[in-house]
Student: 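This structure is in structure tokens; I'll ask about it shortly.
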Number of protein chains: 2
Amino acid sequence: MGNEAQRTRESFSEKALRYLREQIINGQMPPQEKIVESEIAHCLGVSRGPVRDALKQLAVEGLVDYQPNRGCTVALLSPKDAYEVFYLRGSLEKLALEKGGGRISDEGLFRMEEAVEEIRAGVEKKSTSAVVAADEKFHRQIIESGRMDRLVKMWELLSPLNGAMFLVVKKTNELERRLGQERTLDDPFHGDDLGAHTRLLETCRRGDLQASLRALDAHYIRTGERIYRLSLRDELPEK
Amino acid sequence: MGNEAQRTRESFSEKALRYLREQIINGQMPPQEKIVESEIAHCLGVSRGPVRDALKQLAVEGLVDYQPNRGCTVALLSPKDAYEVFYLRGSLEKLALEKGGGRISDEGLFRMEEAVEEIRAGVEKKSTSAVVAADEKFHRQIIESGRMDRLVKMWELLSPLNGAMFLVVKKTNELERRLGQERTLDDPFHGDDLGAHTRLLETCRRGDLQASLRALDAHYIRTGERIYRLSLRDELPEK
DNA sequence: CGACGGACGATTGTCAACAATTTTTAAAAA
DNA sequence: TTTTTAAAAATTGTTGACAATCGTCCGTCG
């Protein structure tokens with residue numbers, strides 16, 4: 001069920017890419033940690049070539065910093081980065097919505113419903129990766145509604161970073177809660193995240209462009225701004 | 001004079017990247033032409049490794065199509081692509097302007113003036129590459145006024161494609177002229193392009209955000225739409 | 001005691017050869 | 001003639017070795 005026929009097994013480059021992305025997004029490789037090609041290569045049982053390819057790609061995505069002749073480090077994602085990523089992703093999706101007139105295909109709407117369910121399940125199981133995947137599935141329907149290939153590509157380039165941001169978001173939430181403001185209702189992910197997606201789905205179903213744009217703003221961009229402002233007030237304890 | 005100190009000579013990867021970009025944007029490699037790694041490598045006197053790196057990067061930029069195990073071809077850029085690239089670049093710059101409140105630093109304004117001069121000179125000398133470079137310089141000031149690193153990075157990723165689009169634009173202009181509508185005043189590059197930039201510079205200098213946004217729309221995005229509509233009405237003669 | 005400079009080690013950049021895959025070619029079968 | 005099949009050629013994917021570069025350590029000089 002589901003997946004397109006996968007005729008060729010993934011290359012070693014893709015394997016390394018997947019591995020490194022996962023390590024970074026899951027936080028197993030802390031920010032600013034040095035990444036040595038030969039180590040990764042040995043660890044995966046491949047040579048350095050494919051690992052190099054993967055690192056170059058990750059540099060484009062912004063998950064690692066690449067300094068010529070000096071090597072790679074896991075990118076240190078500041079709250080400002082989080083803000084920018086949220087803002088950009090949200091802006092791109094707004095562009096898509098406008099281009100598509102706020103209308104989403106029946107199939108797209110159906111997948112968005114599925115995604116909402118998956119988010120609900122992921123939250124219950126406390127599985128961050130499940131939530132991230134479902135969140136991506138949800139928003140993918142939005143970005144694709146604009147029917148602009150380049151727009152989708154850009155959005156996809158931003159996706160891995162967005163995944164990494166969930167870590168920052170989690171920390172911020174905990175911090176905020178500790179600061180005493182128990183407004184879990186406005187919590188971006190494990191609180192009202194579900195509600196935000198539900199509301200957004202509803203406006204999309206109605207085809208109400210303006211309402212969808214507002215809902216997107218509320219869900220996405222303001223979360224970024226909140227994180228950013230919070231970080232200015234109180235440095236995040238970077239590991 | 002001018003350039004930042006270039007302490008390390010460019011790597012072979014960068015050399016190959018520059019070479020291939022130039023070839024493609026100048027049209028010396030026609031769309032859909034197959035690119036064979038070993039040929040390029042031999043042609044540049046390097047091995048395949050650096051050429052591979054360059055091709056991967058070009059694939060991200062959208063200048064080549066990369067099919068695993070099957071190799072590369074020069075990307076075939078349709079009028080719709082042109083439309084999307086213009087639209088996206090314009091949209092990103094509008095985001096930057098909004099973020100920066102429509103205000104641009106004195107140094108930025110100065111560089112924009114320089115760029116306008118360079119465009120004027122480039123048009124006179126009929127040097128497309130000079131116009132492209134100056135155009136990039138001009139718009140870079142705008143995208144940087146938003147002070148969002150990720151936004152700038154995305155814009156930079158789009159730049160090479162934008163360069164390639166000048167070819168499409170040129171063809172479209174010729175086609176349009178041949179169709180009898182002698183409205184060279186609305187000509188995007190070798191006609192009123194200079195004027196559009198001048199007007200945009202003027203609104204930026206005043207710090208008039210709304211006017212700048214409108215000017216940007218007129219200059220950038222509508223050019224894309226015009227190209228797209230024109231192409232629907234009359235297939236562009238793809239070489 | 002601190003600044004300068006050269007050897008050393010670690011790591012990336014590049015290469016040429018090999019393996020795996022795809023495309024082409026040509027022959028055989030229908 | 002057209003289709004099918006298999007061998008051959010061309011091309012990409014991968015590898016291990018070598019070269020170039022960078023950071024560090026340690027001895028020398030001021």
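Naming convention: chains lettered A, B, ... in sequence-line order (proteins, then strands); numbering from 1 in each chain. None of the values given here were measured: they were computed from a predicted structure.
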Student: Over 60° means perpendicular and under 30° means parallel, so classify the ring planes of B:Tyr220 and B:His139, tilted if in between.
Tutor: tilted

Student: Sub-3.5 Å donor-acceptor pair from the side chain of A:Asp53 to the main-chain atoms of A:Pro50, do we have one?
Tutor: no

Student: So, is B:Tyr66 close to the D:dT11 phosphate, meaning a side-chain N or O under 4.0 Å from OP1 or OP2?
Tutor: no

Student: Answer yes or no: is there a donor N or O on one side and an acceptor on the other, between the side chain of A:Glu84 and the main chain of B:Asp149, under 3.5 Å?
Tutor: yes

Student: Using a 4.0 Å heavy-atom cut-off, does A:Leu55 contact any base of the nucleic acid, only the sugar-phosphate backbone, or nothing at all?
Tutor: nothing

Student: Mind listing the residues from residues 36-53 of chain A sitting with a heavy atom below 4.0 Å of DNA chain C? Number order is fine.
Tutor: A:Val36, A:Glu37, A:Arg48, A:Arg52

Student: Any side-chain N or O of B:Ser13 less than 4.0 Å from the OP1 or OP2 oxygen of C:dT14?
Tutor: yes

Student: For B:Lys153, is there an ion pair with B:Glu156 - N to carboxylate O distance below 4.0 angstrom?
Tutor: no

Student: With nearest nucleotides of DNA chain D determined for A:Pro68 and B:Gly71 from heavy-atom distances, which residue corresponds to the more 5′ nucleotide?
Tutor: B:Gly71

Student: Go through B:Glu107 and B:Arg111 one step at a time and tell me if the salt bridge (charged side-chain N to carboxylate O under 4.0 Å, His left out) criterion holds.
Tutor: CA-CA 6 Å; B:Glu107 190 185 340; B:Arg111 290 202 187 152; 2.6 Å; yes

Student: What is the separation between atom NZ on A:Lys15 and atom P on D:dG13, rounded to the nearest whole Å?
Tutor: 17 Å

Student: Please report the distance, rounded to the nearest Å, between CD in A:Glu14 and C1' in D:dG13.
Tutor: 11 Å

Student: Output yes when a side-chain donor or acceptor of A:Glu98 lies under 3.5 Å from a complementary backbone atom of A:Leu95, and no otherwise.
Tutor: no

Student: Heavy-atom count check: over 12 atoms from other residues, nucleotides or ligands less than 6.0 Å from B:Arg150 CZ?
Tutor: yes

Student: Donor-acceptor check, side chain of A:Glu39 to backbone of A:Ile35, threshold 3.5 angstrom: yes or no?
Tutor: no

Student: What nitrogen or oxygen pairs link the protein and nucleotides 23-25 of chain D at under 3.5 Å?
Tutor:
| residue | atom | partner | partner atom | Å |
| --- | --- | --- | --- | --- |
| D:dG23 | OP1 | A:Arg70 | NE | 3.2 |
| D:dG23 | OP1 | A:Arg70 | NH1 | 3.3 |

Student: Mind calculating the distance between CG (A:Leu17) and P (D:dG13) to the nearest angstrom?
Tutor: 14 Å

Student: May I have the distance from B:Gln67 (atom CD) to D:dT12 (atom P), rounded to whole angstrom?
Tutor: 12 Å

Student: Flag the pair B:Glu10 and B:Lys15 as a salt bridge only when some basic side-chain nitrogen lies within less than 4.0 angstrom of an acidic carboxylate oxygen.
Tutor: no

Student: Rounded to the nearest angstrom, tell me the gap between atom CZ in B:Phe12 and atom P in C:dT14.
Tutor: 6 Å

Student: Rounded to the Å, how far apart are B:Asn69 CG and D:dT14 C1'?
Tutor: 11 Å

